[in-house]
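Worksheet: the structure to be examined is printed underneath.
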Protein chains: 4
Amino acid sequence: MKKIDVAIVGASGFTGLELIKIIINHPNFRLKYVANSEGGMSLSELYPALKSVVDIDIKKGDAKEIAKCANLAFLALPHKSAMGFAKELLDLGVKVVDLSADYRLELETYERYYCTHQDKEHLSRAVYGLPEFFRDDIKRAKLVANPGCYPTATLLGLLPFCKYIDESYPIFIDAKSGVSGAGKKCSDKTHFVFIDENVSAYNPLSHRHEPEIKEKMKIISKGVEYDINFVPHLLPLIRGEMCDIYCKLKEDIDPLEYLKEFYKDEKFIRVFDKPVTIKGVGGTNFCDIFAKKSNSNLYICSTIDNILKGSSSAAVVNANIMSGFEEDLGIPTIAYVP
Amino acid sequence: MKKIDVAIVGASGFTGLELIKIIINHPNFRLKYVANSEGGMSLSELYPALKSVVDIDIKKGDAKEIAKCANLAFLALPHKSAMGFAKELLDLGVKVVDLSADYRLELETYERYYCTHQDKEHLSRAVYGLPEFFRDDIKRAKLVANPGCYPTATLLGLLPFCKYIDESYPIFIDAKSGVSGAGKKCSDKTHFVFIDENVSAYNPLSHRHEPEIKEKMKIISKGVEYDINFVPHLLPLIRGEMCDIYCKLKEDIDPLEYLKEFYKDEKFIRVFDKPVTIKGVGGTNFCDIFAKKSNSNLYICSTIDNILKGSSSAAVVNANIMSGFEEDLGIPTIAYVP
Amino acid sequence: MKKIDVAIVGASGFTGLELIKIIINHPNFRLKYVANSEGGMSLSELYPALKSVVDIDIKKGDAKEIAKCANLAFLALPHKSAMGFAKELLDLGVKVVDLSADYRLELETYERYYCTHQDKEHLSRAVYGLPEFFRDDIKRAKLVANPGCYPTATLLGLLPFCKYIDESYPIFIDAKSGVSGAGKKCSDKTHFVFIDENVSAYNPLSHRHEPEIKEKMKIISKGVEYDINFVPHLLPLIRGEMCDIYCKLKEDIDPLEYLKEFYKDEKFIRVFDKPVTIKGVGGTNFCDIFAKKSNSNLYICSTIDNILKGSSSAAVVNANIMSGFEEDLGIPTIAYVP
Amino acid sequence: MKKIDVAIVGASGFTGLELIKIIINHPNFRLKYVANSEGGMSLSELYPALKSVVDIDIKKGDAKEIAKCANLAFLALPHKSAMGFAKELLDLGVKVVDLSADYRLELETYERYYCTHQDKEHLSRAVYGLPEFFRDDIKRAKLVANPGCYPTATLLGLLPFCKYIDESYPIFIDAKSGVSGAGKKCSDKTHFVFIDENVSAYNPLSHRHEPEIKEKMKIISKGVEYDINFVPHLLPLIRGEMCDIYCKLKEDIDPLEYLKEFYKDEKFIRVFDKPVTIKGVGGTNFCDIFAKKSNSNLYICSTIDNILKGSSSAAVVNANIMSGFEEDLGIPTIAYVP
């Protein structure tokens, strides 16, 4: 199969680094262009750990330059920055996998929780990059919006149960994330002394991933408005994310057996008989799920690597699908354990 | 005020150590007797960190010896072991604060979740040592059963809301504990390599603290059966515990204002306008609480130091009350932060 | 004994917080004034963990105001800032314990490694606040320069051996510090993701604590120039510091027995037969020391809590001595273990 | 190139797991046999993280069975156990890479520090598996003894300087290891509560890797007896190891330029101008080295992943060389950063 040339814009963040790590070992993608906001350095200067592994000059991102050398671009940029780039790239014929929030939501939801949208045209054609539920759309997409990390873990746990969940009861999601989810910027939220030996919730019941979860639940369930309540926590660990989901069943099912059957053909979903761990998925594109009920109360626990299945490896899976490759081509599956 | 002589049985565990640390600095308690299951060593041999601070011989626990030298004993023993000791001590006229589960529950609940009870007589007179709700009973008690750590944090968050919670909806508790809660024994659950950079739930919906919470809720609410669903997690940190509680309100209240009013005279409860942290209570007897609602869905977050407010300092508070001392005498309030 | 009113300038940093924690529980010091660089908030706003424990308004530091209400001031400021304040306070008759580097070194050394000195007058009368070696000078001092954290741990390990160390061989110090030593400022050096699961040396053979160690060694040994080589490392933990010292003996001694004898009257030095730990001193003013030799090669290992014995509790010990109090009055000795 | 069938004996330990992770992705080795001491389970039962990735039955190790299906065996066993197996396998014509200490040392050294040797015959022909110094011998070897983790990092830092080091001065090695180096067994040395927020030295000046370092230094330097002093520490992190080496130069060289030239053809050695980190090599077979001098005092800092370059990936490199493959075939080079 012919190799496809790709660009990565936003090399400085954690998800940019993970994209690079996957793409340089990918059999069918060829890394032709890497950019961050300054440019003017090499990859191994930016990441000493990549010395002797890969080297390539980092450019200051330029859509026209990208269009000259690449057929597909990964945008690992903050929201707002992403949509400017994406628009230009798409108009130049470059396929885009966008890791930001810019194309994840319907217009109204986006503008309510983020800002004015500057690329409404492409927004309307963007596909939500959760292959387990939107695979066929991704195949034909020119622009894929990679889901948020929390929505990925939550939706993969919740969506299978849509028809069995009693929507007259609230759904509570107690989410827990490693610090890489807070980004590379230094702040009180990322200072070692404040994070270590500590846990705290942030933006409880008002995190922007709550409407994303709600909107996708509604789409998949063909119109049901679920009462989604989302409380994320920051944990003293680097990578990984767990979403504990609590809701009410309206029908008597065996949640584990149902899940196993539901996901039996999905390569990156593993259903476990015992509680899942964050470490078991660290370094991989797996989403591990456990479920248990007590009477009609349902508990679902879903874990992912927030910067892989929750971002960068999921992006490459989407790029694989958009390119007609096997979904798992070049995708990491071996956990960093121990 | 005359000093009271006390004994600590179970010096080897984490809660035993915390008891020692508090008692040796307590102005009105005098540490006369320390025991563990082997005896025959000194405190500073067992805990090198106590060298030059305190030294006292550790005995092999013996109720008659205790009765000779102490008026009050703290039992920091595993359940089952505790009730044998407590019975003998009480019969010899020694007051007991028991940190185990042996006297926390009603007989039927205890025997269903633990084992056959061997001291039914004293069980019926034991007082549940949560001063914020059972203060007057503790004053008169000869035997106080210290609450479990999870029930402490959960009940202090939930009980104030009893009359406002819609009991036809389930209550979900997503609890998170540091590893000191798993005890000093070495196992996969406590091995650094398995805990570090990891999180997992254990005994989801089947932990023995669930019936304890349910039973106390029922007592305080005078008979309401709440649908308690409890899922504890082990976190990569040493001390501290957070209980995130999710439930449904049946009346429209401002949860934070209500909590502040409810607890305005409690010295060891702090209600915060922002999400509370585990670190803010580490090393203290405080329980920090935050609450927020979204429509009628209520989120309460409660944090304690699991081996202090969740065990040892709470035990000394109870001993203070039983002895007619000020409740906060000698009780740690300055967090280990940073 | 009459209480002495004190001020703390520099409340925002970690050492400022530790000073506050000690002083509010100190029987003979009364905290009358707390300042940081902005002022205009209360202590419990700055440190939510201190809510319900202590409250006092934080001022913008002003020497004249301090002189009105306090007899002694602790300066927990960056170097350079400290000397301006100290000069003014001393001229107003306020005794000063300075936690910065400004008065630790002889003029020439200071100006070579830091900057031009702006208070040469007081510098010449400042006393180096290491009580184990300069106790009598501290008693009479108006200005005490608190030693650096690394020099504290290193000198307490090395100085006893001065007369036995072969000065024709280099002395190597492999130092290891928790992240609180890097301060509260957010940077790559303090970002959780870079620190956790990592270790690295910084400023190897060129850290500014190297000349401090060298200078004090020379003073105590009455003129010997030791060949000090200092390599500090940042460890993934919050508080604590270990200095591993490697050198050559010129005489055959039993290092442990010698140390025990040497320090037998020192309350805050503990000599151990087994390797010492960082955790054993966390939360205390102890310096724990272990030593062992192999032929004539000597290994000394010294641990302290970097922000206590390495800074704030040491400062209060100095203030105790300057005030004629017992050296250990109000000084923490119980480690945070577990 | 024809694939070679291999066996892994000792699947339960950390190094066994790392071997499996490498071999299942290796293009030229085929994993035919996996054993631990019990057998009777599958790989994904032993390691849930490997579910859906690889599955193979784990056998109770049996040399004859191995000889039937494999041409090369990796022994990830404790010392003593390894030599029994190795002997039988070698006699059956199976090549062996032994990860234990059993064949690393000369007979006399081994028996002094470990136990009586039961396979003297093969011991005399075993090759020390440090390819950077013994590559040609490894090519022809039937039995390769993988170096200890500390000796690997230390020797790769020290050996290049053999001819420049002044052997009349002691060499001090301050080593630091993550907890995976202490193995999977639960003990005080691996309990989370004792390790976290702590550091301590263990076996200072008497660790068994000291004679290994000494012996190999003597061999490479053709007879020089260096005065090696080795002090290892346990750090609160999972994987990675740093060896800080302090010694005296007898000639004036630029250590960094010299190192770069010395190692310019080595694929797995990276010489850095800035202090190296543990994280930069985590998950890889790299050894990163930094060096600096102050006058004639030399500081060398060397980092490896203790269970990869310090054990399992180094073993596969040796197997590559023994099999005539490219040295870096299937060897991990991309660090787990962040």
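None of the values given here were measured: they were computed from a predicted structure. Letters A, B, ... are given to chains in the order of the sequence lines, protein chains preceding strands, and every chain is numbered from 1.
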If you count every heavy atom of other residues, nucleotides or ligands that lies below 6.0 Å from [X] atom [atom1], does the total exceed 12?
X        : atom1 : result
C:Glu108 : CD    : no
D:Lys184 : NZ    : yes
C:Lys274 : NZ    : no

Task: Most chain D-contacting option - heavy-atom pairs closer than 4.5 Å, from C:Asn295, C:Thr277, C:Asp196 - done: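 Result: the option with the highest number of such pairs is C:Thr277.
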
Open item on the list: So which residue, C:Gly282, C:Ala201, C:Gly178, ends up with the most heavy-atom pairs under 4.5 Å with chain D?
Closed with: C:Ala201

Hey, could you give me the [atom1]/[atom2] distance between [X] and [Y], rounded to the nearest 0.5 Å?
X        : Y        : atom1 : atom2 : answer
C:Thr284 : C:Asp305 : OG1   : CG    : 6.5 Å
D:Phe290 : D:Ile300 : CZ    : CD1   : 11.0 Å
C:Leu259 : C:Ile289 : CG    : CD1   : 5.5 Å

Closest-packed option against chain C by number of heavy-atom pairs under 4.5 Å, given [options]:
options                      : value
D:Asn203, D:Ile278, D:Val337 : D:Ile278
D:Val193, D:Asn297, D:Thr303 : D:Asn297
D:Pro170, D:Ser294, D:Pro338 : D:Pro170

TODO: Return the orientation label for the D:Tyr202 and D:Tyr150 ring planes: parallel under 30°, perpendicular over 60°, tilted otherwise.
DONE: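 Tilted.
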
TODO: Could you label the plane-to-plane angle of the D:Tyr110 and D:Tyr114 rings as parallel, tilted or perpendicular, counting under 30° as parallel and over 60° as perpendicular?
DONE: parallel

Task: Residue list, side chain to side chain donor-acceptor pair (under 3.5 Å) with C:Ser311, at least two apart or on another chain - done: none

Open item on the list: Can you tell me which portion of C:Val276 sits under 4.5 Å from chain D's heavy atoms? Options are side chain, backbone, both or neither.
Closed with: backbone

Task: Counterpart residues, ring pair (Phe, Tyr, Trp, His ring centres under 6.0 Å), relative to C:Phe172 (two or more places apart) - done: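 With neighbours one apart ignored, the set is D:Tyr246.
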
Task: Those residues of residues 160-169 of chain C, ordered by number, that approach chain D below 4.5 Å (heavy atom to heavy atom) - done: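 Checking residues 160-169 of chain C against chain D gives C:Ser168, C:Tyr169.
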
Open item on the list: Heavy atom to heavy atom, less than 4.5 Å: which residues from residues 227-239 of chain C reach chain D?
Closed with: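 At a heavy-atom separation under 4.5 Å, chain D is reached by C:Asp227, C:Asn229, C:Val231, C:His233, C:Leu235, C:Pro236, C:Leu237, C:Ile238, C:Arg239.
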
Open item on the list: For D:Tyr336, which atoms come within 4.5 Å of any heavy atom of chain C: side chain, backbone, both, or neither?
Closed with: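 Nothing of D:Tyr336, per the 4.5 Å heavy-atom cut-off to chain C.
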
Open item on the list: Please classify the contact between D:Lys293 and chain C as side chain, backbone, both or neither, with a heavy-atom cut-off of under 4.5 Å.
Closed with: backbone

- [ ] Determine, step by step, whether C:Met217 and C:Lys214 satisfy the side chain to side chain contact (heavy atoms under 4.5 Å, CB included) criterion, reporting the C-alpha distance in whole Å, the side-chain angles of both residues, the deciding distance to 0.1 Å, and the verdict.
- [x] CA-CA 5 Å; C:Met217 289 283 288; C:Lys214 202 176 157 79; 5.8 Å; no

Open item on the list: Donor-acceptor pair, distance only, cut-off 3.5 Å: does the side chain of D:Glu241 make one with the backbone of D:Gly310?
Closed with: no

- [ ] Determine yes or no for a side-chain-to-main-chain donor-acceptor pair under 3.5 angstrom, with C:Lys292 supplying the side chain and D:Pro204 the backbone.
- [x]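 Answer holds: yes.
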
